[in-house]
Amino acid sequence: MDMKSVESKWQQRWEKSKESVFNKKNIDKKFYVLEMFSYPSGAKLHIGHWYNYGPTDSYARFKRMQGFEVFQPMGFDAFGLPAENYAIKTKIHPKDSTEKNIATMETQLKAMGAMFDWSAEVKTCEEDYYKWTQWMFLKLFEKGLAYRKEAPVNWCPSCNTVLANEQVTEGCCERCGTPVVKKDLTQWFFKITEYADELLQALDTLDWPEKTKLMQRNWIGKSIGCEIEFACESGDTFKVFTTRCDTVFGVSFVALAPEHPLVRKLVSDECRPAVEAYIAETAKTNEIERLSSAREKTGAFIGHYAINPVNGEKVPIYAADYVLYSYGTGAVMGVPAHDERDFVFAQKYGLPIKKVIENKNGNTVLPYTEDGICVNSLQFDGQFGDDARSAIANHLTKMGKGARKVNYRLRDWLVSRQRYWGAPIPVVHCPHCGIVPVPYKDLPVKLPYNVEFEPDGKSPLAKCDEFMHVKCPVCGQDAMRDPDTLDTFVCSSWYYLRYADAHNAKQPFDPEIVNKMLPVDKYVGGAEHACMHLLYARFFTKALRDMGYLNFDEPFKSLVHQGVILGPDGNRMSKSKGNVVSPDEYIQSYGSDVFRLYLMFGFSYTEGGPWSDDGIKSVAKFLDRVERLVTKYKDEKPSKEEKTASAAEKELNFVRHNTIRQVTRDLENFSFNTAVARLMEYVNALYKYDGEAEKDAAFYKECRRDLLLLLAPFAPHFTEELWEQTGGKYSVFDQPYPVCDEAALVREEVEYAIQINSKIKTKMMIGKDLTEEQLRAAVLANDAVRPLTEGKVIKKWIVVPGRLVNIIL
RNA sequence: GCGGAUGUGGCGAAACUGGCAGACGCGCCGGACUUAGGAUCCGGUGGGCAACCUUGCAGGUUCAAGUCCUGUCAUCCGCACCA
C-alpha cells in the first residue's frame, strides 16, 4: 500500500467530514482525552511528541469506537524562555519564531493523523488567550490568592529571572542548570499553600500513578507538630516548631536561622564580631551548599540565653545555618540526644547531650530518633510516643507557651518573571493608590512587540516607555505598569478549561459547558510535571471552584505518564550528545501508521527505553500481511448458509474473541505492546485458517471484518483504506468496536500441566465437564504419570481448574 | 542520607488475584518457492548429552515463587539539614 497517498487521502476526508470535531449534541456521552500540549521551542516534532500523541490517539479512537463522543483537543504552550533565548541568539523576535514553529508543528501534527479537534485549538501567546490568563490573575488577586511581598527568592543569574521553588532542581535552574542564588526581591506569589491540605487529601481520590501522587505528597510535605515559645533573658520571645515535643525536656540549646531578626537584636557585644562574620559567611554560601545535608554543621553562639518553658532551664542561643529561615518559625530547639543534626552540632560545640527518650527494649543508642518512652521528663516520665506528645502539647497549651501546629514544606508559588515573552501582569503601580488591578474591561494588557528583550536582570518591559506609562485606573494620575510577566505555568494551569469553550469572547469559558465537559477523563503526558504543572493545575481548579466558576474538585481524573524514548546509546536524546533520532526519515519511508504502530509495539508505554529500529520492519510486514489477507477476498460475496462449525472454525473463533477481549483490556490499560502482540497472533491464526481446504466463507469474512475493526485505532489510515476497499461504509471509526462473545471462549478441552511433587512431568488435554473424580482417574491413567505413581501413597491432590494438577506423593 | 521504581534469552519485551517462565516480535538456524532474494511462506530457536538447571545475588514462607517475606548488590528517578 502506498502509505503516503493513503494517509493524505484520509486526512483530507476526515477533515472534510469533520470526523474529529466534538459534537456538542452528544455531550452526555463525552470522553475528554487530553495530551499535554506542545511547547513550540523547536520547529519539528520529535520522537517524544509522537510517543505521547500517537498511542494516546489510538486510545482516543478506541474510545470513540466504543460509542463515546471523544474530545481530543491540541494547542500550544507558546510563551516561555526557550523562545526568548532563541530570539536573543538569533535576533529573531520570539513572536515570529513561535508563530513559525507553531505553523510547522501544526502541519506535522496533522500528518500524524491523530483525531485532534483543531476547532478548539488554543495558543497561549495569543491575545484572546492571555487576556483570560490575566483575568485569572485578577480573580486570584481579588480573592486574596495573589499577593506581592518581599522575600528571599531563587534567582537564576543565567536566565536573569526569578524562579519558583518547583523550578529549582538540586539548587540549580531547572532550565539551564546554572546554580541559583537567593535574592531579596518583591515578587508576586499565588497562595497555593492555602490549599495545601486539600491538595494533599484529594490525591487519594485520583486515578494517578502512585509514584506521582507520592511525589506530590512529599512536595507538599505536611508535618504535624507543635510550636513552643521560648522567652529570652532580654524579655524577647520566639517560637520554635517541632514534630517531637516529647523531647522538649532534652533541649540543650536553641538555634536560630542566621537571617532571624532576633540574632542581631540579642547578640552580646562580646560575640557580635563573630556572629556578624558568621551571618556574612552564610549569606555568601550558595544555596546548593547551604542545603546539602552532607555539609558540616556550623553555628555561632550569640552570647544570650533562652529559657526552656517546661523546666526553666537556661540554654544558649546559637545562630546556625542548618536552620532554614523560610520553614516553620526559622528557629529550632536543639535536642542532641534525639536528633541527628542537633547531635552533631552539640558534639562540635561541646553542648550537653541529655537523654529524655528511652528505647522500649532497653539499649538506647544516642542519637535515638525513634519513638520511645519519656525519661527525665518530670510528670511525663513513662509515657510513649504519640501519647507523650499530646500530653506535653496539652501542658504547653495550658501554660500558654505552645500550641499544636501543622506545617507544610510547600511554599507559595512565585509567578512573576523578569522576562519578556509572557503574559504581562495586569496591575498598575500608582504613587497615590498603590497597587491597582487593571479593570477587566481593559484586558488584555497587550504585550508590546518592539521591546529590547536582551536580559540584564531588569524586566525588559521596564525599558519600554510606551508600555510602562499609564494613567492610574482609580485616580487618573500618572502611574506605571508592572514590568514583570507571568510564569508560563500560569498559562498552562487552565488551558484544559479553555479548550472546552475555546472561542468564548466574553469570558474565559462558560461554566455551564465546562462543568459538563470536565474533568478530563484521561490525561497523558510526561512525568516531569509531577510537582509543577500537575500541582498548579489542581490549585487553579480548586480556586476557580471556590470562586463559583467550577463545580468539580479535580481537573484530571485519570493520569498516565508515557515513558521516555532515549537515544540508541541509552542516554536522553540531546543535540550535544549527538544521539537524537528524528522521526522524519521513518515517516518518510514507512508512513505515520507504521511509525505509530512501532512505537506502540516496541516499548512498554509507561517505561519507554533506548531507541532501536530493529522491529520497525516487522511492523510494516505485519500490515502487509493484513493487507494481503484482506484484499485477497475483497470481491468475494459469500452467501450465508447454516453450517456447523468445524474444529478449525471453533479454534479461529476462539482466537478471535480472545483477541477482542485482550485487546480491549490492554487498550484500557495503555498496554499497547501486548495489544499489538494479540493482533499479530490473531493474524497468524487467520493465516492458519486460510490454509484450510474447507472454509466457511461467511464466517471467515466476519473474522476478517473484526480484524479491521480491531486494528482501526492502531493504524487508522491503513485500516480506513482497507475498510473502503472491502466495501465498508465510511468511516470505520463510526463502527462499534467488536465485543467479546464469552461463549466462544469456552473450550471443550483444556491443556493441563501435570505435576508430581511440584515438578512438571507431562501435559494433557482434559475435558471441561469432568468431575474431580474423573479427572483424577484420567490423570492416573496417563502413560507418563502411571509409572511414577504406581505403588506410591498419594498424600495430596491439588487441582487448579483450567491450569494444572499437582500430585504430592 | 531518605523515599520510590527497575533488574527475566543474543536483543525489544510478556506473564491476570502465587499456578506450565520467556507470549508477540527482532536476530539466528533449517527448509519451500524462485534466474536471484534484502520479497513471501513453513519449521526450529533459554542452557545442558542426560537426569536436570534457569527471572541480579543470598536466604525464607508455600504443594507451588519472576510474583510474597528478610537481607544484599546494581541501575534509574524523586527529595535532599523541612526540625
Side-chain angles (χ1 to χ4, degrees), chain A residues 169-171 209-212 214-219 221-223 225-226 240-245 247 255 288 290-297 320-324 326-335 338-342 344-345 369 407-411 527-528 530-531 564 566 570 598 601-604 606-607 609-619 621-622 624-625 628 662 665 669 671 673-684 687-688 691 751-763 795-809:
Chain A
T169 315
E170 292 178 17
E210 282 306 318
K211 165 140 201 195
T212 306
L214 187 67
M215 278 169 67
Q216 287 208 357
R217 276 186 201 111
N218 292 340
W219 189 259
K222 181 178 185 172
S223 41
C226 193
V240 300
F241 174 72
T242 179
T243 54
R244 291 297 304 274
C245 67
T247 65
I288 332 166
R290 166 119 187 236
L291 288 176
S292 161
S293 51
R295 187 162 156 265
E296 197 190 348
K297 311 253 171 305
D321 70 2
Y322 77 91
V323 181
L324 304 177
S326 54
Y327 181 76
T329 60
V332 302
M333 57 184 209
V335 186
H338 306 293
D339 181 280
E340 270 162 45
R341 294 155 302 188
D342 298 346
V344 175
F345 192 83
T369 58
N407 265 328
Y408 296 91
R409 214 190 71 107
L410 183 72
R411 307 295 155 79
E528 66 275 14
C531 292
V564 181
L566 305 167
Y598 176 59
F601 179 60
F603 305 86
S604 163
T606 52
E607 301 276 314
W611 172 259
S612 135
D613 54 13
D614 280 351
I616 195 160
K617 266 190 225 140
S618 73
V619 167
K621 198 168 95 178
F622 166 67
D624 284 344
R625 267 163 76 78
R628 278 197 304 277
Q662 300 274 7
R665 201 170 65 189
N669 297 329
S671 181
N673 54 346
T674 51
V676 177
R678 297 289 93 82
L679 289 170
M680 288 172 166
E681 281 176 309
Y682 183 41
V683 170
N684 290 344
Y687 265 88
K688 193 171 172 204
E751 191 185 64
Y752 276 66
I754 310 300
Q755 300 182 331
I756 291 172
N757 285 341
S758 306
K759 293 255 195 272
I760 291 170
K761 292 299 171 189
T762 188
K763 293 176 185 185
K795 275 215 306 223
K796 202 172 172 186
W797 279 88
I798 292 151
V799 178
V800 182
R803 292 195 176 264
L804 60 73
V805 175
N806 189 2
I807 304 167
I808 310 301
L809 298 175

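Naming: A, B, ... by sequence-line order, numbering from 1 per chain.
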Could you measure between the two [atom1] atoms, the one in [N] and the one in [M], and give it in whole Å?
{"N": "B:G10", "M": "B:C69", "atom1": "P", "answer": "29 Å"}
{"N": "B:A58", "M": "B:A74", "atom1": "C1'", "answer": "15 Å"}
{"N": "B:C42", "M": "B:C77", "atom1": "P", "answer": "44 Å"}
{"N": "B:A51", "M": "B:G12", "atom1": "P", "answer": "30 Å"}

When we call it a touch if two heavy atoms are under 4.0 Å apart, what does [X] touch: a base, just sugar-phosphate, or nothing?
{"X": "A:Lys761", "answer": "sugar-phosphate"}
{"X": "A:Glu210", "answer": "nothing"}
{"X": "A:Ile760", "answer": "sugar-phosphate"}
{"X": "A:Arg411", "answer": "base"}

Separation of [X] atom [atom1] from [N] atom [atom2], in whole Å?
{"X": "A:Glu528", "N": "B:C76", "atom1": "CD", "atom2": "P", "answer": "19 Å"}
{"X": "A:Trp219", "N": "B:G4", "atom1": "CH2", "atom2": "P", "answer": "19 Å"}
{"X": "A:Asn218", "N": "B:C79", "atom1": "CG", "atom2": "C1'", "answer": "7 Å"}
{"X": "A:Arg217", "N": "B:G4", "atom1": "CZ", "atom2": "P", "answer": "12 Å"}

Closest heavy-atom pair, A:Gly570 versus A:Leu566, reported as atoms and distance to 0.1 Å, is O-CD1, 3.4 Å
For this session: For residues A:Arg411 and A:Ser326, report the shortest heavy-atom separation together with the two atoms involved.
Result: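 For A:Arg411 and A:Ser326, the tightest heavy-atom pair comes out as NH1-OG, 3.1 Å.
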Those residues at least two apart in sequence (or on a different chain) that pass side chain to side chain donor-acceptor pair (under 3.5 Å) with A:Glu340 are none
Which sits closer to the 5' end of RNA chain B, A:Thr242 or A:Lys763, going by the nucleotide each is nearest to?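 Residue closer to the 5' terminus by nearest nucleotide: A:Lys763.
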With syn defined as a glycosidic angle within 90 degrees of 0 and anti as anything else, the base of B:G9 is syn
Apply side-chain contact (heavy atoms from CB on, under 4.5 Å) to A:Val683 and list each qualifying residue two or more places apart in sequence or on a separate chain.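 Counting only residues at least two positions away or on another chain, A:Val683 forms a side-chain contact (heavy atoms from CB on, under 4.5 Å) with A:Phe622, A:Arg625, A:Val626, A:Tyr687, A:Leu707.
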Intra- and inter-strand pairing of RNA chain B, written as dot-bracket with Watson-Crick and G-U pairs under 3.5 Å and | for the latter, reads (((((((..(((......[....)))((((((.......))))))((....))..(((((..]....))))))))))))....
Whether each nucleotide of nucleotides 38-49 of chain B has a protein heavy atom under 4.0 Å at its base (B), only at its sugar-phosphate (S) or at neither (-) is summarised, 5' to 3', as --SS--------
Taking 4.0 Å as the cut-off, does a side-chain nitrogen or oxygen of A:Ser223 come that near to OP1 or OP2 on B:A83?
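Yes, such a contact exists.
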Can you name the atoms? Protein N/O to nucleotides 11-16 of chain B N/O, anything below 3.5 Å, with the distance.
residue: B:G12; atom: O2'; partner: A:Gly602; partner atom: O; Å: 2.4
residue: B:A13; atom: O3'; partner: A:Asn673; partner atom: ND2; Å: 3.1
residue: B:A14; atom: OP1; partner: A:Ser604; partner atom: OG; Å: 3.1
residue: B:A14; atom: OP1; partner: A:Asn673; partner atom: ND2; Å: 3.0
residue: B:A14; atom: O5'; partner: A:Asn673; partner atom: ND2; Å: 3.4
residue: B:C16; atom: N3; partner: A:Arg803; partner atom: NH2; Å: 3.1
residue: B:C16; atom: N4; partner: A:Arg803; partner atom: NE; Å: 3.4
residue: B:C16; atom: N4; partner: A:Arg803; partner atom: NH1; Å: 3.3
residue: B:C16; atom: N4; partner: A:Arg803; partner atom: NH2; Å: 2.3

Is there a donor in the side chain of A:Ser604 and an acceptor in the side chain of A:Asn673, or the other way round, less than 3.5 Å apart?
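There is no such pair between these side chains.
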Please list, for nucleotides 59-66 of chain B, all pairs of protein and nucleotide N/O atoms separated by less than 3.5 Å.
residue: B:C63; atom: O2'; partner: A:Ser758; partner atom: OG; Å: 2.1
residue: B:C63; atom: O2; partner: A:Asn806; partner atom: ND2; Å: 2.7

